[in-house]
Amino acid sequence: MKSTFAQIILPLNLKGTFTYKVPAELAEKIEIGMRVLVPFGGKKIYTGIVFDLHDQEPDTFAPKEIINLLDDFPILPKEQISFWDWLSKYYLCNIGEIYRFAFPSSLKLESETYLKLKPGVTIDFQNLDVNEMYLIQALEVRQLINLTEIEAFIPKKEIVKTIKSLIDLQYIEVDEKIAEKYKAKEIAFLKINEEEVSSKSLAQILLLLKKAPKQQELFLLLLEQHTEDPEKTIKKSDIFEDGNFAHSQLKSLMEKNLVLEYYLQKDRLQTYEGEIEDLDSLTDAQLEAKTEIDKAFEEGKNVLLHGVTSSGKTHLYLDKIEETIEAGKNVLFLLPEIAITKQIVQRLEKKYGKQLGFYHQKLTDFERVEVWRRVRNNDLKILIGTRNALFLPYQNLGLIVVDEEHDSAYKPREVSPFFNAKDASQVLAKMYGANVILGSATPSVESYYLAKKEKLAYVFLGERFGKVKLPEFELINFKEEQDSKKIIGNFSLKLIEEIKKEVDRKKQTMILHNRRGYANVVECESCGYVNYCSNCDVVMTYHKFSNEMKCHYCGQKASKPNACPKCNSENLNVRGVGVEQIHEEMVKIFPEAEVDRMDVDSMRKKFAYEKLYEKLEDGETDILVGTQMISKGLDFENIELVAIPRADSMLYVQDFRAEERAFQLITQVSGRAGRISGEGKVLIQTYNPEHSVFQLIKENDPSKIYKHFLEERKKFLYPPFVKLIMIELKHRKEDKVNRASQFLGSILHKYLPPECILGPEKSPIGKLNLMYQYQILLKLPRGKNYSEYKNLILKSFEEFEEITAYQSIKKLIFVDF
DNA sequence: GCCCCAATCGAA
DNA sequence: TCGATTGGGGCG
């Protein structure tokens, strides 16, 4: 079936898709999901994606022609196209924005697109115009040329026309092998050549090396490591690290065929190091959970796996992953951030080797393209990755695991398009007919609710692996301790006593304080002046360690004033406790102990995290003070006490999820305590020990605390009982954005019931990065009406956009805010 | 989103 | 006065 027109997705933040004409010579080959080159605007050429093919001639404009196809086969599976379509509709964003996010940039080259002469053509220069001649001549000199370079000798407006006509004449073509130019970074390893070595006796070999003692030494070192553990890899660079051996010695050994060199891809490096433990068989509790998961999958339901810390969720994931692979399907394992989860990677690596891939935000574009290609060729069976791994061109997806599903990193607010990877993964799975496991020790309230409503199958693992006891919680009434003067700084004597006990018996203690810097505010005692960020409507935080003031929102730095810039008084006071202050106090109270700090500021240096991790592992660190960073990935046997000296600071945040977050954070850090011994203890210091959240955490009964959260959400109309859509308007001029938000509010009032609309009002942070921000919060009822309301919102936006004066206003929409 | 063009701004 | 910045419109 030949179609004459195509709807093309362009990598631009513009509404909808664009209509192009399919030239007759491409009509046979073009398919949905292929990349195409198309002109757009005066002079630009973009790589677009075929979204749809049809025969409906547009009547309001004359479509341009597609220049060429970039693929022989659709690069994007139809499941992904439906997924993109769903995302753009659900999250009210443009499909082009999703395309930009989903594709590695070298797969959607614009001006970097390369042209070359068709091999073996004879060119009839008589019939070429001057631009065409220039281009041909340039290509004769240098085989490949890109669009930016063409701009140097052809007028911008003529570029597209010139290329098109030369392609039509079959003189030139687009270089289609772009992706194949990339090679993933590889690292050299060494191994003993077993064939050669086993054919001779050791004495023979040593005789051979008699005159080269250094070679002999190196050979014996490699042989020793090999016999010790044949599975263990030997990195080439490690051999030369201490300067004991020279490259020439290794070269000679390789020439004698005793040692071989081989290469492995860099990003799978850590997986080849260290021991690989065999999995224990599933415990009774795990077996029961597994049966429940199987049953849910049979019924076509996704699973919420609620397993308390160290209950062995990973074990169950592995089990299902292996089953999926054996059934010939692919697996996606999603993590909130790319922190290597050794346990799972090692196991999968051992079993699936080269069929395991990684995909995350830290890869270079080369590496991304490489993974892309291998997924498309179905060479990779398992992908471990962050939210952007949802967009790989899976051929046969069978299972998606979303680990730590409650984590807010699955929907960062800073990068567009805004979507929640946890929810999106379930839609993607539906497109492929795949199953989903959402796993967490502290599920989000939304997922818990869906499980209670039986939209998700709820599988609970209530006991730690090996029946190890869960940590005990104790509340310390800081008010009382303060009144009876039994405190030092932010610590009660009681808490200090407990930490001291741990230090004395060489156990490690974790102290959580989730606030960066030293102090929130530097304030002048005489005139009350506080230091605001010049770009944002936010006070700057004092960082004592680096001795500067930082804005945590825009990153701006300033030096700390010695005197008040307003009244010159030197009476500057600090207020609000940051993690640096907690760290400082611990150092003072425990001068002999090794006290370390872990937060984004102290971990900025290269390898800072690795170094501290080693210190913790080796037991050198006695007390670790940190922000939420310490709640993830630090599983050490020797930690038995977790302390939270200022627990209240987590609750008094303007956010309806504050209590949920506090519960999740406290539970996650508490999971670090007593993983093996079962002697874990968590001390929560608070002014409000009666606060329901602390009481419920202390009780440690998940069903009760979720019941509490759900009641609160219901009472104050928050998710999951309503759908939230946050609209944020931004502009450099405050009066303009204020008027615009009033106007948009009035349009919305025309279409939506008044109780659904909150605002417009100034955002909690009224100015960010020199942009003033106003917001409108929509609380919409769930169910049938929701999609109807959403259409009305779209209609409101259209009306709003008709006002030309408001077009310069940036509009951000957060669905499921 | 990016480009073009016109209008406006601001330092000489 | 001129060059630099900002706003608005269009793109298939």
Side-chain angles (χ1 to χ4, degrees), chain A residues 3-23 26-27 30 32 34-69 84 87-88 91-105 107-113 146-148 150-152 154-161 163-164 414-418 729-737 739-740 743 769-772 797-813:
Chain A
S3 303
T4 39
F5 297 98
Q7 292 307 120
I8 305 296
I9 307 168
L10 292 179
L12 300 171
N13 191 3
L14 288 173
K15 211 152 109 193
T17 55
F18 293 82
T19 312
Y20 283 85
K21 219 169 145 185
V22 181
L26 300 181
I30 195 164
I32 291 174
M34 283 181 175
R35 291 178 303 158
V36 290
L37 274 193
V38 291
F40 188 78
K43 57 154 211 177
K44 283 221 106 181
I45 293 181
Y46 289 100
T47 306
I49 305 270
V50 182
F51 178 75
D52 194 18
L53 292 166
H54 60 87
D55 289 307
Q56 264 179 299
E57 180 152 20
D59 44 15
T60 52
F61 57 89
K64 292 185 179 167
E65 273 195 4
I66 292 170
I67 298 175
N68 207 357
L69 300 179
W84 291 16
L87 280 173
S88 70
Y91 289 105
L92 306 174
C93 63
N94 295 317
I95 199 159
E97 223 180 329
I98 294 168
Y99 172 32
R100 283 166 73 91
F101 182 82
F103 261 56
S105 38
L107 289 180
K108 51 175 157 61
L109 299 178
E110 307 167 13
S111 309
E112 292 294 306
T113 306
N146 74 29
L147 298 188
T148 331
I150 296 172
E151 278 182 27
I154 297 182
K156 288 183 177 182
K157 282 184 180 158
E158 312 279 327
I159 291 178
V160 172
K161 202 180 118 239
I163 294 172
K164 181 83 181 79
E414 297 75 30
V415 268
S416 71
F418 307 105
L729 300 180
K730 299 173 136 219
H731 197 272
R732 290 177 84 95
K733 297 205 175 88
E734 180 162 21
D735 64 319
K736 190 162 182 170
V737 62
R739 269 184 287 122
F743 179 62
N769 257 324
L770 299 171
M771 302 277 262
Y772 288 91
F797 289 156
E798 268 167 38
E799 272 181 48
F800 176 77
E801 274 149 26
E802 276 168 26
I803 309 296
T804 52
Y806 292 154
Q807 280 180 10
S808 58
I809 286 178
K810 229 177 142 71
K811 186 163 92 267
L812 304 175
I813 304 156

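Within every chain, numbering begins at 1; the chains are lettered A, B, ... in the order of the sequence lines, protein sequences first and strands thereafter.
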With [X], which residues qualify under side chain to side chain donor-acceptor pair (under 3.5 Å), at least two apart?
| X | result |
| --- | --- |
| A:D735 | A:R739 |
| A:E798 | none |
| A:Q807 | none |

Separation of [N] [atom2] from [X] [atom1] (nearest whole Å):
| X | N | atom1 | atom2 | result |
| --- | --- | --- | --- | --- |
| A:I95 | B:dG1 | CD1 | P | 16 Å |
| A:L14 | B:dC2 | CG | C1' | 9 Å |
| A:L12 | B:dG1 | CG | C1' | 5 Å |

Discussion item. Let's see if you get this right: which residues in residues 15-23 of chain A place a heavy atom under 4.0 Å from DNA chain B?
Written reply: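 The answer is none.
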
Practice prompt. Report yes or no: does A:Y20 contribute a side-chain atom to a donor-acceptor pair with the main-chain N or O of A:P39 at less than 3.5 Å?
Written response: yes

Fill in: With sequence neighbours excluded, residues passing ring pair (Phe, Tyr, Trp, His ring centres under 6.0 Å) with A:F743
A:Y806

Fill in: By ring pair (Phe, Tyr, Trp, His ring centres under 6.0 Å) - contacts of A:F5 (at least two apart)
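A:F5 satisfies ring pair (Phe, Tyr, Trp, His ring centres under 6.0 Å) with no other residue.
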
Discussion item. Tell me every residue that passes side-chain contact (heavy atoms from CB on, under 4.5 Å) with A:L812, counting only those two or more places apart in sequence or in another chain.
Written reply: A:F418, A:E728, A:K730, A:F814

Worksheet item: Using a heavy-atom cut-off of 4.0 Å to chain A, what are the terminal contacting nucleotides of DNA chain C, in 5' to 3' order?
Response: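 Both ends considered, the range comes out as C:dG7 to C:dG12.
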
Discussion item. Does anything in residues 49-64 of chain A form a side chain to side chain donor-acceptor pair (under 3.5 Å)? List the pairs, not counting sequence neighbours.
Written reply: A:T4-A:D55, A:Q7-A:H54

